[in-house]
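The structure appears right after this line, and notes come after that.
All of these numbers come straight from a predicted model, not from anything done at the bench. Because only heavy atoms are used, hydrogens play no part in the values below, and waters and symmetry mates are left out as well, while side chains stay in.
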Amino acid sequence: MSSSASCAGWRHDVDLQGFNTFGLPGRAARLAVVTGIGQLAQLMRTPEWSDGPRLILGGGSNVVLGGDFPGSVLKIELRGRDLAAEDADNRYVRAAAGENWNDFVGWTVACGWPGLENLALIPGTVGAAPIQNIGAYGLELAERFHCLRAVSLDDLSERTFDRDACRFGYRDSVFKSEAGARWLITEVVFRLPRRWQPQLCYADLAREFEGQEWGGVQPAQVMEAVIAIRRRKLPDPACLGNAGSFFKNPVVDPATLARLLAEAPDLPHYPQPDGSVKLAAAWLIDRCGWKGRRLGPVGCHERQALVLVNHGGATGADVRRAAAAIEHDVQARFGVRLEPEPTFV
Ligand code: FAD
Ligand code: EPU
């Protein structure tokens, strides 16, 4: 993987293809695997740290690599998880940023601390989960979030962010802003209410429990159902490179919705608490004929039009070209702008 390693842990000229689930090619000028906070401080004091751009990588499941990266990559593998505190109403469960998200969810459920099961099988790390406020099957991370610890990439200062400071939104947080991107998340604490009820409102999930009394459903059953749905619908990055949903679901105003419904009465739409309406990007892309279609080595998945896949040998430029063609077609047919979800590096 590397030609040489410095004592602080930098490896030079590192192949990044195995570090992103899209399987896109590119080499980093240098990369260090971070397993301790002390080592992190040591790395940030080396001259290499000030040489070129910086990139924090967890599982690489939400990045589009544009090619070679001319700076420093920190691959976060900080480990550890525990029950940090509990009170009459809640358990506060803590995990280090490098913990695998799905393993962490499975562990909480096995410990008898449910609440995260709807988010099972989302790839990646605990530390990246707050970045875009991961969400699935009727739950967003923000609903179970207590606080996180982060280290400044500029001056190594440490800070605790509570829920308000994170400014969570749909696939969004302060960490996606220019100022927020200067923080490296080291650990996250989740607040899991002792009083648990299954959240089965998402149509696909409700279907799994059809005919059953929801009151008797156990957390592990919800987790298994979510895992089963995801395995049916989403391509496994180990077999077919991808970064999950490539575009966010567009949020429009009621006037835009009315215009769209006049043309397409079967358009799926989900009213939001603030009066806006979320559309299904997958449906818009599907209706433009992109499901299963390819442009060069990149295509829309045959079972989920919102997932762009690497059919082999794709580069970041190929992904951008396919994404631009899809954005163009959706804009031309529906007058709706699609916004990519992953981070472009
Ligand atoms: P990376 O891809 O490594 O990084 C993503 C971003 O976070 C980058 O900007 C990176 O710099 C930053 N980052 C990573 N770690 C840290 C850290 N410790 N501190 C500061 N910044 C950091 N997402 C959903 O929300 N819902 C889904 O249902 C879902 N399904 C998916 C299904 C598949 C098959 C795939 C491939 C992806 C899916 N995703 C989903 C997207 C992705 O899994 C999540 O966004 C996940 O949280 C990314 O974790 P990661 O560790 O791989 O992050
Ligand atoms: N649909 C189509 N064609 C398709 C696929 C879906 O018309 O090819 C329609 C479905 O019939 C449904 C609607 O689109 O009416 C929504 O589809 P789905 O339930 O599969 O969810 P999604 O909106 O495509 C979102 C998230 C996923 C998350 C699932 C489940 C975004 C951008 N995506 O997908 O998150 O797992 O809901 O909650 O919000 C991710 O962010 O990477 C991701 C995978």
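The closest donor-acceptor contact from the side chain of Arg171 to the backbone of Ile134 lies at 3.5 Å or more, if one exists at all. Looking at Gln39, its side chain does come within 3.5 Å of a backbone N or O of Thr35 through a donor-acceptor pair. One N or O on the side chain of Asn133 and one on the backbone of Ala142 form a donor-acceptor pair closer than 3.5 Å. A donor-acceptor pair is defined here as one N or O able to donate and one able to accept, closer than 3.5 Å; no such pair exists between the side chain of Glu99 and the backbone of Phe104. A donor-acceptor pair under 3.5 Å is absent between the side-chain atoms of Asn242 and the main chain of Val309, judged by distance alone. Between the Glu263 side chain and the Leu260 main chain, no donor and acceptor come within less than 3.5 Å of each other. Proximity of a side-chain donor or acceptor of Arg194 to a complementary backbone N or O of Asp87 within less than 3.5 Å is detected. Arg91 contributes no side-chain N or O that, together with a main-chain N or O of Arg191, makes up a donor-acceptor pair within less than 3.5 Å. With Asn118 contributing its side chain and Tyr137 its backbone, the two residues share a donor-acceptor pair below 3.5 Å. Side chain of Thr108 to main chain of Pro114: no donor-acceptor pair is present (N/O by atom type, distance under 3.5 Å, no hydrogens or angles).
A donor atom on one side chain and an acceptor atom on the other are found under 3.5 Å apart for His311 and Arg294. Using modelled atom types and a 3.5 Å distance limit, the side chains of Ser72 and Arg54 yield no donor-acceptor pair. A side-chain donor-acceptor contact under 3.5 Å links Glu117 and Trp196.
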> After noting the C-alpha distance and the side-chain angles of Glu302 and Lys291, does the key distance pass the salt bridge (Lys or Arg N to Asp or Glu O under 4.0 Å) rule?
Replying inline: CA-CA 6 Å; Glu302 58 196 13; Lys291 193 168 183 168; over 6 Å; no

> Which is it for Arg167 and Asp172 under the salt bridge (Lys or Arg N to Asp or Glu O under 4.0 Å) test, yes or no, and what are the steps along the way?
Replying inline: CA-CA 8 Å; Arg167 286 197 258 127; Asp172 199 20; over 6 Å; no

>> What verdict does the salt bridge (Lys or Arg N to Asp or Glu O under 4.0 Å) test give for Arg94 and Glu86, after you've listed the backbone C-alpha separation in whole Å, the side-chain angles of each residue and the deciding distance to 0.1 Å?
In response: CA-CA 11 Å; Arg94 175 169 52 194; Glu86 50 188 328; over 6 Å; no

>> Does Arg287 form a salt bridge (Lys or Arg N to Asp or Glu O under 4.0 Å) with Asp266? I'd like the steps, not just the answer.
In response: CA-CA 11 Å; Arg287 279 298 164 103; Asp266 54 340; 2.6 Å; yes

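The side chain to side chain contact (heavy atoms under 4.5 Å, CB included) test with Val93 singles out one residue from Leu116, Leu192, Val188, and that residue is Leu192.
Nearest heavy-atom pair, Asp68 versus Arg27, reported as atom, atom and distance to 0.1 Å: OD1-N, 2.8 Å. Taking every heavy atom of both residues into account, Cys288 and Arg333 meet most closely at SG-CB, 4.0 Å. Heavy-atom minimum distance, Asp154 versus Arg182: OD2-NE, 2.6 Å. Across all non-hydrogen atoms, the minimal contact from Glu140 to Gly169 is OE1-O, 4.3 Å. Looking at every heavy atom in both residues, Asn20 comes nearest to Leu24 through OD1-N, 2.8 Å. Nearest heavy atoms, Trp113 versus Leu83: CH2-CB, 3.7 Å.
Residue pairs meeting the ring pair (Phe, Tyr, Trp, His ring centres under 6.0 Å) criterion with at least one member in residues 156-183, sequence neighbours excluded, are Phe145-Phe168, Phe161-Phe175, Phe161-Trp183.
Taking the charged nitrogens against the carboxylate oxygens, Asp204 and Lys233 do have a contact shorter than 4.0 Å, which makes a salt bridge. Ion pair Lys248/Glu339 flagged as a salt bridge, since at least one NZ, NE, NH1 or NH2 atom sits closer than 4.0 Å to an Asp/Glu carboxylate oxygen.
Less than 6.0 angstrom separates the ring centroid of Trp101 from the ring centroid of Phe190.
Side chains of Thr315 and Val319 form no contact here, defined as non-hydrogen atoms less than 4.5 Å apart. Side-chain contact between Leu78 and Ile37: present, with at least one pair of heavy atoms (C-beta onward) separated by less than 4.5 Å.
No more than 12 heavy atoms of other residues, nucleotides or ligands lie within 6.0 Å of CD in Gln197, so this atom counts as exposed by the packing criterion.
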